[in-house]
Amino acid sequence: SVSTEGALKNLEAEATHWDFDKYKSDAQSAWNEQLKKIEVQDEDPDKLNVFYTALYHACIHPSLNMDVDNQYRGRDGQIYTAKGFTNYSVFSLWDTYRALHPLFTIIDRKRTADFINTFLVQYQQAGRLPMWELSGNETDCMIGFHSVSVIADAMAKGIGGFDTDLAYKAVQASANYSLM
């Protein structure tokens with residue numbers, strides 16, 4: 001996400017062997033861990049296939065946006081090191097704040113806190129919360145600050161792990177933000 005050197009570090013850390021079948025097995029195990037957070041029982045295997053395929057799709061994004069050394073490129077183009085959180089990207093918040101993010105507050109509270117910490121560093125770097133962020137860049141292709149709903153829902157559900165005073169400032173700054 002940052003540099004050629006970072007990509008090489010990622011390769012060294014994540015590609016410790018060249019056994020395709022082992023990578024495939026490890027990926028299947030990781031996805032099974034994620035998908036088993038919700039257990040559905042039905043006699044119709046087609047319904048189960050539809051459900052777990054949809055859950056898989058729901059968990060693809062937001063996605064990690066940092067190298068193995070925790071470095072990432074911020075909204076201001078500068079390079080930062082994530083401290084105490086995992087940096088994410090691809091916040092299609094217009095599409096996800098109503099259902100996907102509330103689902104994450106139930107099945108993945110840690111990831112929710114990481115999303116909010118990502119929002120907050122983006123606020124610090126760019127002066128506002130994300131609208132529709134992609135790879136450290138604000139696309140401005142949607143309206144509104146739906147990240148506010150994600151933050152409020154997490155706070156209402158008692159999810160911690162982020163600076164609530166900073167979150168309030170970010171919400172207030174975003175509410176008063178204008179492109180004009």
Side-chain angles (χ1 to χ4, degrees), residues 1-3 6-7 9-11 13-14 26-27 30-35 37-38 54-164 166-171 173-174 177:
S1 121
V2 172
S3 65
K9 287 179 192 176
N10 295 343
L11 181 64
E14 296 173 354
D26 290 349
W31 274 110
N32 283 334
E33 282 299 308
Q34 180 67 27
L35 296 176
K37 291 179 180 181
I38 300 177
L55 184 58
Y56 166 78
H57 288 153
C59 294
I60 292 173
H61 292 296
S63 55
L64 294 176
N65 189 34
M66 63 184 200
D67 292 331
V68 294
D69 60 4
N70 295 345
Q71 288 194 328
Y72 65 94
R73 193 170 303 278
R75 290 260 305 271
D76 58 2
Q78 301 301 308
I79 296 171
Y80 295 91
T81 301
K83 294 182 178 137
F85 75 102
T86 300
N87 191 63
Y88 282 88
S89 179
V90 190
F91 289 106
S92 172
L93 292 158
W94 172 272
D95 305 305
T96 61
Y97 80 97
R98 292 176 201 86
L100 180 65
H101 284 285
L103 174 64
F104 282 138
T105 66
I106 297 167
I107 67 170
D108 209 334
R109 295 168 72 88
K110 163 76 170 82
R111 200 167 169 202
T112 296
D114 285 337
F115 295 158
I116 294 170
N117 280 307
T118 300
F119 294 168
L120 296 178
V121 297
Q122 289 186 10
Y123 158 70
Q124 291 173 313
Q125 296 158 3
R128 62 179 167 138
L129 290 166
M131 294 169 94
W132 205 123
E133 179 275 343
L134 178 63
S135 297
N137 298 287
E138 179 54 58
T139 67
D140 286 319
C141 68
M142 295 295 174
I143 60 169
F145 290 98
H146 303 295
S147 48
V148 172
S149 298
V150 174
I151 294 168
D153 187 37
M155 291 175 79
K157 291 177 179 169
I159 295 174
F162 58 92
D163 183 336
T164 56
L166 180 60
Y168 177 75
K169 289 176 187 170
V171 165
S174 296
Y177 183 83

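The figures here come from the full heavy-atom set of this structure, side chains too, leaving out hydrogens, waters and symmetry mates. Please read all numbers here as calculations on a predicted model, not as lab measurements.
Under the 3.5 Å distance criterion, the side-chain polar atoms of Asn10 are matched with a main-chain donor or acceptor of Val68. The closest donor-acceptor contact from the side chain of Gln122 to the backbone of Leu129 lies at 3.5 Å or more, if one exists at all.
Of the candidates Ile79, Asn65, Asn137, Arg73 forms a side-chain contact (heavy atoms from CB on, under 4.5 Å) with just one, namely Ile79.
Remark: Glu33 pairs with Lys36 by the salt bridge (charged side-chain N to carboxylate O under 4.0 Å, His left out) rule, at least two apart or across chains. Partners of Asp76 according to the salt bridge (charged side-chain N to carboxylate O under 4.0 Å, His left out) rule, which considers only residues two or more places apart in sequence or in another chain, do not exist here. Applying the ring-ring contact (aromatic ring centres under 6.0 Å, His included) criterion to Tyr97, with sequence neighbours excluded, gives His146. Residues meeting the ring-ring contact (aromatic ring centres under 6.0 Å, His included) test with Tyr123, sequence neighbours left out: none. With sequence neighbours excluded, no residue forms a ring-ring contact (aromatic ring centres under 6.0 Å, His included) with Phe145. In this structure Asp95 satisfies the salt bridge (charged side-chain N to carboxylate O under 4.0 Å, His left out) test with no other residue, sequence neighbours excluded.
To the nearest 0.5 Å, the span separating CG on Leu35 from SG on Cys59 amounts to 6.5 Å. One finds the CG atom of Leu55 at 7.0 Å from the CD atom of Gln34 (value rounded to the nearest 0.5 Å). Separating the CD1 atom in Ile159 from the CZ atom in Phe104 is a distance of 11.5 Å, to the nearest 0.5 Å. Expressed to the nearest 0.5 Å, how far CG of Asn117 lies from OG1 of Thr112 amounts to 11.0 Å. Expressed to the nearest 0.5 Å, how far NE2 of His101 lies from CD1 of Ile151 amounts to 10.5 Å.
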Query raised in the report: Can you list the steps and then say if Met142 with Leu93 is a side-chain contact (heavy atoms from CB on, under 4.5 Å)?
Result: CA-CA 9 Å; Met142 295 295 174; Leu93 292 158; over 6 Å; no

Report task. Go through the steps to decide whether Ile106 and Lys37 satisfy the test side-chain contact (heavy atoms from CB on, under 4.5 Å), and finish with yes or no. Result -> CA-CA 10 Å; Ile106 297 167; Lys37 291 179 180 181; over 6 Å; no

Report task. Walk me through it: do Val121 and Asn87 pass the test side-chain contact (heavy atoms from CB on, under 4.5 Å)? Result -> CA-CA 9 Å; Val121 297; Asn87 191 63; 4.2 Å; yes

Report task. Dump the intermediate steps for salt bridge (Lys or Arg N to Asp or Glu O under 4.0 Å) on Asp163 and Lys169, then the final yes or no. Result -> CA-CA 10 Å; Asp163 183 336; Lys169 289 176 187 170; over 6 Å; no

Query - Candidate pair Gln125 and Gln78, rule side-chain contact (heavy atoms from CB on, under 4.5 Å), full reasoning - result: CA-CA 9 Å; Gln125 296 158 3; Gln78 301 301 308; over 6 Å; no

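In this structure the side chain of Ile38 reaches within 4.5 angstrom of the side chain of Leu103, judged on heavy atoms. Between Ser1 and Gln71 there is no side-chain heavy-atom pair separated by less than 4.5 Å. Residues Tyr72 and Ser135 form no side-chain contact, since every pair of their non-hydrogen atoms from C-beta on lies 4.5 Å or further apart. Contact check for Asn70 versus Lys83: no side-chain heavy atoms found under the 4.5 Å cut-off. When side chains are defined from C-beta on, Val150 counts as touching Phe119, because their heavy atoms get closer than 4.5 Å. Taking 4.5 Å as the limit, every side-chain heavy atom of Thr81 sits out of range of all side-chain heavy atoms of Asp69. Side-chain contact between Met66 and Phe85 is absent, with no heavy atoms from C-beta onward closer than 4.5 Å.
Trp132 and Ser92 are linked by a side-chain donor-acceptor pair at a separation below 3.5 angstrom, with hydrogens and angles left out of the test. Between the side chains of Glu133 and Ser89, at least one donor N or O sits under 3.5 Å from an acceptor N or O.
Between Asp67 and Lys9, no side-chain nitrogen of the basic residue sits less than 4.0 Å from a carboxylate oxygen of the acidic one, so the salt-bridge criterion is not met. A salt bridge between Arg128 and Asp140 is present, with a side-chain N of the basic residue lying under 4.0 Å from a carboxylate O of the acidic one.
Residues Ala167 and Leu120 share a closest heavy-atom pair of CA-CD2, 3.6 Å. Residue Gly127 comes nearest to Ala173 through the heavy atom pair O-CB, 4.2 Å, listed as atom of the first residue, atom of the second, then distance. For the residue pair Arg111 and His61, the shortest heavy atom distance occurs at NH2-C, 4.3 Å. Minimum interatomic distance between Gly160 and Ala113 (heavy atoms only, all atoms of both residues): O-CB, 3.4 Å. When all heavy atoms of Ala58 and Leu100 are compared, the pair lying nearest together is O-CD1, 3.4 Å. Residues Ser147 and Pro130 approach most closely at OG-O, 3.2 Å, considering heavy atoms.
Enclosure of atom OH in Tyr177 by more than 12 non-hydrogen atoms of other residues, nucleotides or ligands within 6.0 angstrom is indicated. Around atom CD1 of Ile143, no more than 12 heavy atoms belonging to other residues, nucleotides or ligands sit under 6.0 Å away.
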